Structures are given as C-alpha cells and as structure tokens.
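See below for the structure under consideration.
Keep in mind the model is a prediction, meaning the values are calculated, not measured. Just so you know, ligand 1 is whichever comes first in the structure, and atom 1 is the first atom listed for that ligand. For the single chain, residues carry numbers from 1 onward in sequence order. What's counted below: heavy atoms across the whole structure, side chains too, no hydrogens, waters or symmetry copies.
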Amino acid sequence: MATWNNLDTLASYKKLAGLKNHVDIKEAMSGENGATRVAKYSAPMAEGLSFNYAAKQVDDTVLAALAELAEESQLADKFEELYNGAVINTGEKRLVLHHLARRQLGKDVVVDGVNKRDFYVSQQQKAADFANKVHAGEITNAAGEKFTTVVQIGIGGSDLGPRALYIALENWAKENGVAKMEAKFISNVDPDDAAAVLKSTDLAHALFIVVSKSGTTLETLTNEAFVKDALTKAGLNPANHMLAVTSETSPLAKSDDYLEAFFMDDFIGGRYSSSSAVGGVVLSLAFGPEIFARILNGAAEEDKLAANKNILENPDMLDALIGVYERNVQEYPSTAVLPYSQALSRFPAHLQQCDMESNGKSVNRFGEPVNYVTGPTIFGEPGTNGQHSFYQLLHQGTDIVPLQFVGFKNSQIGMDVVIEDSTSQQKLCANVAAQIVAFACGKKDENLNKNFEGGRPSSIIIGEQLTPESLGALLAHFENKIMFQGFLWNVNSFDQEGVQLGKILAKRVLAHDTDGALKSYSDLLNI
Ligand SMILES: O=P(O)(O)OC[C@H]1O[C@H](O)[C@H](O)[C@@H](O)[C@@H]1O
C-alpha cells in the first residue's frame with residue numbers, strides 16, 4: 001500500500017525547491033543549445049503524439065529531482081492502486097474507474113458481485129446496438145422516419161467533455177464519410193440556450209439525451225422539462241424522443257419516460273465521464289460506435305504509458321511533475337492550454353473543469369489544510385486566435401504563465417491554399433514554432449515597451465493529425481496529468497464539494513428565503 005504524505009513533507013520536494021530558477025530558459029533555448037534540447041527533451045505519447053518539453057525550465061538535474069519526487073511520492077504505485085480498485089476518492093469513499101471504461105489495466109474490479117469492466121462494456125454495447133438501429137432506421141420516430149439529429153442535455157461533466165470531443169471530430173467525420181447524425185448540446189439554464197437549439201432543430205427527427213450522473217442537477221432537469229414542453233407543443237410524444245444516461249442509483253434511472261436508458265456508476269466522476277456512456281451514447285449516435293471505440297483505444301494506449309515508472313517514458317507523469325515544479329517552486333499561478341487546432345476549440349473549456357474541479361482544493365485527502373498552493377488557474381483558446389487577443393499579457397505581462405501548446409502537422413479536412421509560398425496549415429504551424437521561441441528567448445530592445453524579456457516556459461504536444469485515436473490519447477494525457485498532480489499535492493481530485501454552497505443559496509433565493517446581501521441581490525435581479 002502506498003503512503004499518502006503532503007508534498008512539503010517529502011525530502012525530494014525540499015531538494016526540488018532548492019532548484020528554483022535553476023534553468024535560465026532564455027539561455028538554454030538560444031543558439032545550438034536550443035536545437036539540442038528540442039531533439040533531446042521529447043517523450044513519445046500514444047498514437048503518434050509526442051510531448052516536447054525542451055522549452056520548459058528543466059535540465060538533467062531538475063529531471064533527476066523530479067524522478068526522485070515521483071519515486072518518493074509513489075506515483076506509479078498510486079496509479080496502480082487506483083486502477084486495481086482502491087478507494088482513491090476519500091471524500092465520497094468511492095473507487096475511481098474511468099480508465100476501466102477504456103480497457104482493463106490491472107486486476108478484475110468486482111463491486112457487490114459485479115465485474116465493473118463487464119458493466120462498462122455492456123453499456124457500450126447497448127449504446128452501439130441502439131446507435132446502429134437508429135442509423136439503420138430500425139428505431140424511428142412515430143411516423144417511421146429516421147432520426148437525423150441528437151441533442152445532449154447536460155451540464156459540467158455531462159456536457160463539456162462530450163461536446164469538446166464532438167466538435168473535435170465533427171469535420172473529420174464528414175471528411176471520412178462517418179458523420180451519421182448532427183449533434184447539438186443544451187447546457188445552460190439560461191432559457192436562450194435551449195430556445196436557440198430548439199428553434200434550429202427539426203424536433204420530429206431529433207433524439208434528446210438527458211445526461212445527468214446524479215439525476216438531480218437543476219439545470220439539466222429544467223432543460224429536460226423545457227424540451228418535453230416543446231415536443232408536446234409540437235404534437236410529439238416526448239417518450240419517443242428522449243433517452244437518459246445516468247447512474248443506476250439516480251432518480252432518472254427509475255423513470256419509464258425514456259425510449260432507452262444507459263448507465264454509468266458513481267465510480268466515474270462527471271469530469272472524467274467522456275469515456276463512459278456520458279460520451280459514448282452521443283458520440284456513437286453522431287459518428288457510429290466504431291469511432292467511439294477508436295477514441296477509447298487511443299485513450300487506453302495513453303493510459304498504458306501512464307503506468308510506466310520511468311518518468312522519461314511516461315509523458316503524463318512527467319507533465320504533471322513539471323507542472324508541480326512550476327506551481328510550487330517557481331510559484332506561477334496559472335497555466336494556459338493553447339491548441340493550434342480549431343477543432344479543439346472547446347478542449348480548453350473541458351480541461352478547465354477537469355483540472356480546476358479536481359485540484360482546486362485547500363485540504364488534503366484526509367481533510368487537513370495544506371500549507372502549499374495546489375491547482376493553477378487553467379484557461380485557453382485555440383491559436384492563432386489567442387495570439388490576437390491575450391498573448392500580449394503572456395509575452396509582456398507581470399506574471400509568467402506556463403504554456404501548454406498542442407499542434408498537428410496535418411489539417412483534418414485537407415482543403416488548403418498556397419498564399420505567398422505557404423499553405424494555411426504551414427502558417428498555423430509556423431506560428432506555434434515562432435511563439436515557443438519568442439516566449440522562451442524574447443528579444444532585446446532599448447525601448448522597454450518593445451522589449452521581450454523571454455524566459456517564459458512552454459511545452460508542446462505534436463501529432464500527425466487529429467483523429468479519434470490521437471484525440472483519445474490527448475484526453476487521457478490530461479486526465480492522467482491531473483490525477484498525478486492530485487497525488488503529488490495529496491488532495492482528493494475526485495470530489496467537488498466547492499460547488500455545493502452556490503447551489504444551496506440559489507435554492508433559497510428561488511424559495512424567497514433570503515435576508516441581508518442575498519435578499520438585496522435577489523431584489524436587484526428582480527427574482
Ligand atoms: O451529471 P450531473 O450529476 O448532472 O452533474 C453535472 C455537474 O454538476 C455538478 O455540480 C458538478 O460540479 C460537476 O462535477 C458535474 O459534472
């Protein structure tokens with residue numbers, strides 16, 4: 001059994017803390033040194049991706065210290081315990097099994113006589129059979145016509161991951177002849193969200209998936225009622241159009257109001273649920289079950305790498321360790337995720353939840369306060385768009401923000417044009433290469449307003465093309481990175497008590513049970 005200790009009690013962490021500002025990234029990345037580092041500091045990921053960390057503040061000394069930290073904090077043992085079914089989610093006393101939805105990495109995990117791998121596979125199979133029947137016209141609307149659109153109703157983990165993955169492959173699927181149904185998403189309780197989607201949807205030919213692990217989320221239940229009302233007003237029977245994805249213990253699971261229900265369980269956290277039926281049903285309907293299976297395969301291949309004890313061969317663990325060095329030793333408060341891929345436009349939003357809801361904690365996994373900083377603020381936008389927006393602060397602002405670039409050699413659609421001797425894809429890639437060097441090396445100017453200090457660290461994940469496999473690997477990489485960081489900070493990355501208070505107060509406002517500031521704000525907003 002691994003032992004769980006606070007980061008600041010570890011001898012290897014104290015050693016690492018002595019390496020503050022050990023690498024001058026400007027100097028390290030300039031001239032031939034830089035070229036050597038780019039070739040040297042790269043770790044292969046699954047599905048042809050690679051994690052290049054040449055422009056991070058590491059050298060062999062820092063890497064050796066990080067390896068000691070990985071060893072002393074038993075990161076590989078903790079991951080092994082997790083995938084073998086230990087109660088890693090101490091706050092809720094739950095297992096953490098999202099990896100098992102992709103592939104079995106270790107022993108059989110059996111809970112109350114149920115083999116959990118078999119359960120996840122059976123739900124995948126159920127989703128696959130259902131999707132195939134919809135595509136074949138065996139499951140139709142009341143008029144016997146095919147469904148053409150699928151609308152996911154969910155919020156947080158029941159929205160962000162599946163939406164990001166759908167957008168990531170929407171154009172790829174069309175280009176590769178596997179686009180089966182258009183997918184849309186309703187998440188916000190803002191009535192304009194549901195209204196806008198419903199107005200642009202042919203209701204008679206639409207399936208709606210109510211996705212809520214708990215089956216109690218106010219926004220999702222409200223939007224479900226909103227959609228049912230619209231279906232009824234259109235003369236349609238909601239029971240012919242609505243599906244549910246939920247946990248077997250939730251109130252939704254007990255309802256007969258659905259054409260079909262698919263299940264997950266409490267051992268897969270919402271923000272890690274893209275690999276479960278939460279992502280599986282909508283993506284199988286949109287692209288076909290084979291494509292969803294390919295995403296899972298890509299993720300499973302990356303998970304396999306994450307089990308490696310050698311940090312230089314484990315890009316997920318290495319990325320996590322570098323992140324902790326940046327957060328705790330270098331004291332950088334935030335991290336930007338910058339995919340140079342329009343298809344990944346919602347990926348940073350998904351990672352915001354995944355990372356900040358997991359590691360935005362002030363107490364350790366035993367409920368005791370920690371004396372060090374934990375999860376950074378995560379934000380991001382696709383490049384090159386971000387360059388024309390917030391990169392000013394990244395280049396010349398007073399905070400140093402570590403950067404996590406993602407880039408692909410080839411576009412998804414392949415339609416391109418040569419303007420002034422280069423394709424648009426080349427221009428995209430040229431920009432990411434330029435940014436890495438600009439951030440690291442800067443540029444001296446007598447005019448301080450035009451001076452670039454440099455010394456701003458970044459890494460880049462490079463792939464051939466964004467495909468179902470590489471997308472799955474990318475998803476798993478970040479999930480695993482966040483998991484390892486949670487281990488290092490000794491926090492429970494798998495609960496989210498911090499979201500409860502606002503929900504309770506909102507209920508009081510709606511029940512007109514308010515006083516003080518809450519009453520004043522209620523009055524100001526005319527509730
Ligand atoms: O899937 P649900 O149970 O409806 O939960 C939806 C979301 O809402 C909660 O408030 C949590 O903050 C999220 O972690 C969760 O993903």
Side-chain angles (χ1 to χ4, degrees), residues 88-92 94-98 101 120 123 127 151-166 185-190 193-194 208-227 242-255 257-258 261-283 346-361 375 378 475 478-479 482-483 486 491-508 510:
I88 296 293
N89 177 351
T90 42
E92 296 170 318
R94 290 176 182 167
L95 284 62
V96 175
L97 297 182
H98 52 278
Y120 298 137
Q123 293 305 312
V151 183
Q152 174 132 333
I153 306 168
I155 198 163
S158 295
D159 168 64
L160 291 161
R163 193 197 290 248
L165 298 184
Y166 174 72
F185 296 83
I186 299 174
S187 55
N188 203 332
V189 77
D190 178 345
D193 191 9
F208 294 87
I209 323 173
V210 181
V211 185
S212 178
K213 176 177 150 176
S214 62
T216 59
T217 303
L218 169 88
E219 289 88 339
T220 303
L221 297 182
T222 304
N223 280 325
E224 176 186 15
F226 200 114
V227 167
M242 313 277 299
L243 311 172
V245 176
T246 190
S247 63
E248 284 175 304
T249 48
S250 99
L252 291 186
K254 295 176 189 69
S255 166
D257 294 351
Y258 304 104
F262 305 88
F263 298 109
M264 49 163 345
D265 61 27
D266 284 341
F267 305 140
I268 297 187
R271 53 195 174 273
Y272 297 96
S273 66
S274 299
S275 308
S276 76
V278 169
V281 178
V282 66
L283 296 173
R346 289 299 286 170
F347 205 68
H350 170 55
L351 292 185
Q352 276 178 192
Q353 183 197 12
C354 213
D355 201 317
M356 293 165 76
E357 205 170 60
S358 296
N359 289 336
K361 309 282 164 69
I378 303 286
L475 176 78
F478 285 103
E479 289 181 356
I482 293 162
M483 169 191 73
V491 299
N492 174 17
S493 304
F494 302 102
D495 66 0
Q496 56 287 320
E497 292 302 328
V499 302
Q500 296 307 330
L501 178 58
K503 291 183 192 175
I504 294 165
L505 294 186
K507 270 195 184 150
R508 275 184 50 196
L510 291 172

Looking at Arg94 and Asp495, does any basic side-chain N land under 4.0 Å from a carboxylate oxygen? no
Of all protein heavy atoms, the one nearest atom 12 (O) of ligand 1 is Glu357 OE2, 2.6 Å
Using a 4.0 Å cutoff against the non-hydrogen atoms of Ile155, which atoms of ligand 1 qualify? 6 (C), 7 (C)
Atoms of ligand 1 less than 4.0 Å from Val499 heavy atoms? 10 (O), 12 (O)
For Gln353, the ligand 1 atoms with a heavy-atom partner under 4.0 Å come out as 13 (C), 14 (O), 16 (O)
Protein contact to atom 16 (O) of ligand 1 [nearest heavy atom, distance to 0.1 Å]: Gly157 N, 2.8 Å
Ligand 1 and Lys503, any nitrogen or oxygen pair closer than 3.5 angstrom? yes
Which residue supplies the protein heavy atom nearest to atom 5 (O) of ligand 1, what is that atom called, and how far is it? Thr217 OG1, 3.5 Å
Under the 3.5 angstrom rule, does the side chain of Asp193 hit a backbone N or O of Asn188 as a donor-acceptor pair? yes
Under 3.5 Å, side chain of Lys213 to main-chain N/O of Ile268, donor-acceptor pair present? yes
Ignoring hydrogens and angles, tell me if any N or O in the side chain of Gln353 forms a donor-acceptor pair with the backbone of Gly157 under 3.5 Å. yes
Look at the rings of Phe478 and Phe347 and say which category their plane angle falls in: under 30° parallel, 30 to 60° tilted, over 60° perpendicular. perpendicular
Please report the closest heavy-atom contact between Arg271 and Ser358, naming both atoms and the distance. NE-OG, 2.8 Å
